[in-house]
2 protein chains.
Amino acid sequence: MVKPERTYSISELAREFKVTPRALRFYEDKGLLSPRREGLNRVYSVRDRARLQLILRGKRVGFPLSEIREILDLYDLGDGQRAQMATALKKYRARMVALEAQREDLVGAMEALQNGINWLEARLAEPASPASVSAARAFEREARRRMDGTG
Amino acid sequence: MVKPERTYSISELAREFKVTPRALRFYEDKGLLSPRREGLNRVYSVRDRARLQLILRGKRVGFPLSEIREILDLYDLGDGQRAQMATALKKYRARMVALEAQREDLVGAMEALQNGINWLEARLAEPASPASVSAARAFEREARRRMDGTG
DNA sequence: GCTGCCGTTGACGTGAACGTCAAGACCCGC
DNA sequence: GCGGGTCTTGACGTTCACGTCAACGGCAGC
């Protein structure tokens with residue numbers, strides 16, 4: 001007896017990942033998902049669920065659905081098409097470079113934000129005494145300079 | 001004699017950052033930039049340039065323009081409005097949390113991609129000899145399992 | 001057999017972020 | 001004063017990623 005492997009209805013899956021059923025149908029339209037059918041109704045497998053996870057992660061890191069689709073398609077590449085695998089590899093490497101750049105951006109943004117937080121905390125922590133005010137102003141200038149990120 | 005500080009025309013700035021003039025005007029419409037005017041013409045200061053840098057970085061990490069605007073506005077907060085500074089601080093912290101989550105996503109995506117690359121490289125490196133094929137299949141299964149990221 | 005509830009397929013609407021004209025102002029060299 | 005280039009302001013078009021609505025099928029409970 002083969003274990004019947006869990007399946008999901010559209011609204012189940014939608015709830016779990018906090019998307020609407022509409023979104024799931026949309027992804028299907030775009031070829032990102034292709035759940036089984038039982039009559040008309042969509043039946044999502046564990047693998048479909050995993051794909052959805054990849055889709056949503058891709059989205060969160062800024063991939064358009066079209067590119068997510070390409071990537072997902074590559075996962076399903078059969079054996080023997082070495083030419084396609086080679087192009088796939090190129091694309092993967094290009095995306096990797098893009099992701100690295102994005103991580104740099106992200107780290108930069110986080111640093112800038114942390115500076116902003118530090119600055120605000122400092123300004124809020126002190127009462128507006130004359131001495132601390134001038135010190136704060138100096139810090140502020142410095143903080144702004146760093147935040148502007150002229151470099 | 002005060003140093004006249006470099007300025008930029010719209011197309012200069014556009015070229016430098018590889019955006020169109022239209023985009024810069026659009027950002028102005030949305031209150032993200034407000035360059036000086038000389039007659040009708042826009043004149044961008046060094047500070048405007050820095051703001052643009054922040055805008056584009058914000059975009060690259062996925063902020064909508066509306067939020068970028070909010071953040072930028074906070075940088076220009078004058079003294080004395082402690083209440084606004086407090087709300088600002090809250091928002092900054094919230095964004096920081098979001099950015100951290102995004103970094104995790106990014107790292108996860110990069111790991112998945114790296115697995116994909118490794119897998120493809122391995123499949124491509126070998127000729128299709130029977131022994132290596134089975135080894136490759138085992139690796140493939142493992143790679144796929146990891147890429148699916150069921151956890 | 002009627003009411004809900006969940007599902008389906010179109011078709012149209014929406015917000016964000018611009019692109020793409022159109023029509024004209026301004027200045028420069030000749 | 002005329003072409004050429006750069007700039008301006010509308011106004012409309014476009015793409016992406018869905019949201020929203022209409023109209024309907026199928027099953028469960030009463």
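In what follows, every chain begins at residue 1, and chains take the letters A, B, ... in the order their sequences are listed.
- The existence of a salt bridge linking B/R49 and B/E12 is excluded, since no basic side-chain nitrogen approaches an acidic carboxylate oxygen closer than 4.0 Å.
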Using atom types as modelled, flag every donor-acceptor pair under 3.5 Å from a side chain in residues 32-39 of chain A to any protein atom, sequence neighbours excluded.
residue : atom : partner : partner atom : Å
A/R36   : NH2  : A/E38   : OE2          : 2.9
A/R37   : NH1  : A/L40   : O            : 2.6
A/R37   : NH2  : A/E28   : OE2          : 3.1

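- Minimum heavy-atom separation, B/L13 to B/L52: CG-CD2, 3.8 Å.
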Could you list all N or O pairs between the protein and nucleotides 14-18 of chain D that sit under 3.5 Å apart?
residue : atom : partner : partner atom : Å
D/dA17  : OP1  : A/L65   : N            : 3.0
D/dC18  : OP1  : A/K59   : NZ           : 3.1
D/dC18  : OP2  : A/Y27   : OH           : 2.8
D/dC18  : OP2  : A/K59   : NZ           : 2.5

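- Protein chain B contacts DNA chain C over a range whose 5' and 3' limits, counting nucleotides with an atom under 4.0 angstrom from a non-hydrogen atom, are C/dA17 to C/dT20.
- Residues satisfying the salt bridge (Lys or Arg N to Asp or Glu O under 4.0 Å) criterion with B/K91, sequence neighbours excluded, are B/E70.
- Applying the salt bridge (Lys or Arg N to Asp or Glu O under 4.0 Å) rule to A/E67 yields the partners A/R95; only residues at least two apart in sequence or on another chain are considered.
- Under the rule for a salt bridge (Lys or Arg N to Asp or Glu O under 4.0 Å), the partners of B/D105 that lie at least two apart in sequence or sit in another chain are A/R60.
- At whole-Å resolution of the value, CZ in B/R25 and C1' in D/dC7 are 7 Å apart.
- Shown here are the side-chain contact (heavy atoms from CB on, under 4.5 Å) partners of A/E111, two or more places apart in sequence or in another chain: A/V107.
- Legend: residues meeting side-chain hydrogen bond (donor to acceptor under 3.5 Å, both in side chains) with A/R22, ordered by chain and number and at least two apart, are absent.
- Residues meeting the salt bridge (Lys or Arg N to Asp or Glu O under 4.0 Å) test with A/E104, sequence neighbours left out: none.
- Shown here are the side-chain hydrogen bond (donor to acceptor under 3.5 Å, both in side chains) partners of B/R69, two or more places apart in sequence or in another chain: B/D73.
- D/dC7 atom P lies 15 Å from atom OH of B/Y8, rounded to whole Å.
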Detail all sub-3.5 Å separations between protein N/O atoms and N/O atoms belonging to nucleotides 26-29 of chain D.
none

* Determine, step by step, whether B/R93 and A/E121 satisfy the salt bridge (charged side-chain N to carboxylate O under 4.0 Å, His left out) criterion, reporting the C-alpha distance in whole Å, the side-chain angles of both residues, the deciding distance to 0.1 Å, and the verdict. => CA-CA 11 Å; B/R93 289 209 175 107; A/E121 281 175 343; 2.4 Å; yes
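- Across all non-hydrogen atoms, the minimal contact from B/L56 to B/F17 is CD1-CB, 3.6 Å.
- If you check residues 35-44 of chain A against DNA chain C, the residues with a heavy atom closer than 4.0 Å are A/R37, A/L40, A/N41, A/R42, listed by number.
- Looking at every heavy atom in both residues, A/V43 comes nearest to A/D48 through O-OD2, 4.0 Å.
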